[in-house]
Amino acid sequence: MIEVWGILNVTPDSFSDGGLFTDAGAAIAHARRMRAQGADVIDIGGESTRPGATPITPAEEQERILPVIEELVREGMRVSVDTVHAATARAAVAAGAEIVNDVTGGRHDPDMLATVAATDAKIVLMHSRGIDVLADTEYDDVAADVRRHLAARREAALAAGIPLERMIFDPGFGFSKGADDNWRLLAGLGQITGLGAPVLVGTSRKRFLGDLLPEGADASEREAATAATSLLAAQHGAAAVRVHDVTSTVAALRALERTNRAIDESVGPAHWVTRLDETGGSITPAPAVRVDGIRARGFHGVLPEERRDGQEFVIDVELRGKFANAAYTDDLGHTVNYAAVAESVVRVVEGDPVDLIETLARRIGDACLEFPLVENASVTVHKPSAPIPVPFTDVTVTLDVSRGGTA
Ligand code: PMM
């Protein structure tokens with residue numbers, strides 16, 4: 001089962017539970033309760049991200065959370081610290097926290113990434129924009145924009161000395177996202193899981209869930225919607241969910257686990273049942289989709305005349321992924337639309353010039369992975385008209401890309 005992180009806000013003003021656990025004794029008691037309910041990690045925050053919350057100094061933040069962390073670690077709990085301050089992260093890790101959860105992805109405090117790099121702790125790199133989580137909600141394509149942002153945070157963290165194995169990505173539900181953006185992000189979670197590290201999802205009690213409830217319902221009535229969205233996140237590849245009410249989400253995830261177990265134990269043709277945490281079916285081998293001989297004109301190459309005059313490129317792509325159900329459902333939604341793939345390939349060839357066809361092949365491969373259900377792509381780029389002084393028929397480069405190994 002995926003991990004469940006129980007939220008422990010030791011703050012007077014968090015949006016749904018502010019003020020409940022400001023006293024260390026009450027906070028520790030609540031953490032124990034969450035552990036008994038099935039929480040794998042306790043995520044402790046001492047500063048609220050709620051719009052309008054009073055900012056506090058790192059010293060005040062530490063005063064609130066360090067005694068709690070020390071006690072939870074002493075009792076064998078795994079602790080994550082929700083902070084944007086490097087000094088607090090350092091002190092919390094010294095007190096035994098094993099994860100630093102930074103809602104700014106290390107952008108707020110210039111020392112954060114180097115501080116985490118110097119420890120053994122993991123870091124949650126979350127997508128967010130400004131301080132005001134209700135502002136700045138314009139996106140071209142929210143899942144692709146968030147993926148790009150997190151890929152850049154990944155590069156920054158790598159440059160600071162944090163290996164990929166110590167990273168966790170979080171698309172930041174509710175942070176500068178309009179209501180529909182949150183649903184699009186959930187639908188497009190595969191783009192985030194493709195970044196190469198586990199993904200954490202936090203929908204708990206967030207405003208966008210209010211749209212599912214009768215008008216006037218308050219945040220405490222969002223538990224069923226939290227459990228449902230956490231379950232959907234698990235089905236879309238999340239490795240962990242961050243929730244206030246542990247019992248309801250653990251029950252939902254156990255239902256998924258039980259059903260999948262029944263599927264694994266089932267007899268009969270594999271396509272009668274589909275594991276619920278896979279969008280594709282369980283028939284093997286899954287069909288491959290090939291599109292060969294896609295022609296487009298581009299200006300790639302090292303030679304000046306290639307850049308000036310351009311030439312024809314011919315591309316073959318073979319895509320593999322979770323297409324198995326298509327053979328039984330006859331539904332285009334269960335496979336990849338090869339016409340759209342071909343158009344996307346042409347756009348890349350006609351796009352910004354590069355020197356090497358290896359680079360071009362890689363860009364085409366990345367474009368193929370943008371399609372849902374595609375898990376790997378083999379791309380061959382032919383350059384039959386390359387201006388070399390020897391008679392020849394073709395020059396090609398073939399490159400394979402797969403989710404998790406690219407971007
Ligand atoms: N949401 C809140 C605070 N911290 N951290 C991560 N990694 N992901 C989130 O979605 C997230 C977070 C919002 O406030 P809350 O603590 O009251 O849920």
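When a ligand or atom number is given, it counts from 1 through the structure's own listing order. Quantities reported herein were computed from a predicted structural model and do not represent experimental measurements.
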I need the atoms of ligand 1 closer than 4.0 Å to a non-hydrogen atom of [X], numbered in the order shown.
{"X": "Val124", "answer": "7 (N)"}
{"X": "Val103", "answer": "4 (N), 5 (N), 12 (C)"}
{"X": "Ile7", "answer": "16 (O), 18 (O)"}

Out of [options], indicate the one that has the non-hydrogen atom closest to [atom].
{"atom": "atom 18 (O) of ligand 1", "options": "Arg242, His127, Arg205, Glu47", "answer": "Arg242"}
{"atom": "atom 6 (C) of ligand 1", "options": "Asp170, Leu125, Val84, Val243", "answer": "Asp170"}
{"atom": "atom 5 (N) of ligand 1", "options": "Asn101, Ile168, Thr226, Val241", "answer": "Asn101"}
{"atom": "atom 4 (N) of ligand 1", "options": "Val201, Asp82, Asp102", "answer": "Asp82"}

Judged by modelled atom types alone, do Ser344 and Glu370 share a side-chain donor-acceptor pair under 3.5 Å? no

Show me the pairs that pass salt bridge (Lys or Arg N to Asp or Glu O under 4.0 Å) and involve residues 89-114, at least two apart or across chains. Arg78-Glu98

Determine, step by step, whether Thr380 and Asp316 satisfy the side chain to side chain donor-acceptor pair (under 3.5 Å) criterion, reporting the C-alpha distance in whole Å, the side-chain angles of both residues, the deciding distance to 0.1 Å, and the verdict. CA-CA 5 Å; Thr380 301; Asp316 307 327; 4.8 Å; no

Select one of side chain, backbone, both or neither to describe which atoms of [X] lie under 4.0 Å from any atom of ligand 1, heavy atoms only.
{"X": "Thr203", "answer": "neither"}
{"X": "Asn9", "answer": "side chain"}
{"X": "Leu200", "answer": "side chain"}

NZ or CZ of Arg184 within 45° of Phe173 ring axis and under 6.0 Å: no

Set out, in order, the CA-CA distance, both residues' side-chain angles and the distance that settles ring-ring contact (aromatic ring centres under 6.0 Å, His included) for Phe313 and His300, then state yes or no. CA-CA 9 Å; Phe313 290 81; His300 315 284; 5.2 Å; yes

Nearest 0.5 Å, what's the OG1-NE2 distance between Thr229 and His236? 12.0 Å

Arg307 bridged to Asp355 by N-O distance under 4.0 Å: yes

Could you tell me whether Glu71 and Arg32 make a salt bridge, using a distance below 4.0 angstrom between a side-chain N and a carboxylate O? yes

Check whether any heavy atom of Lys206 sits under 4.0 Å from an atom of ligand 1. yes

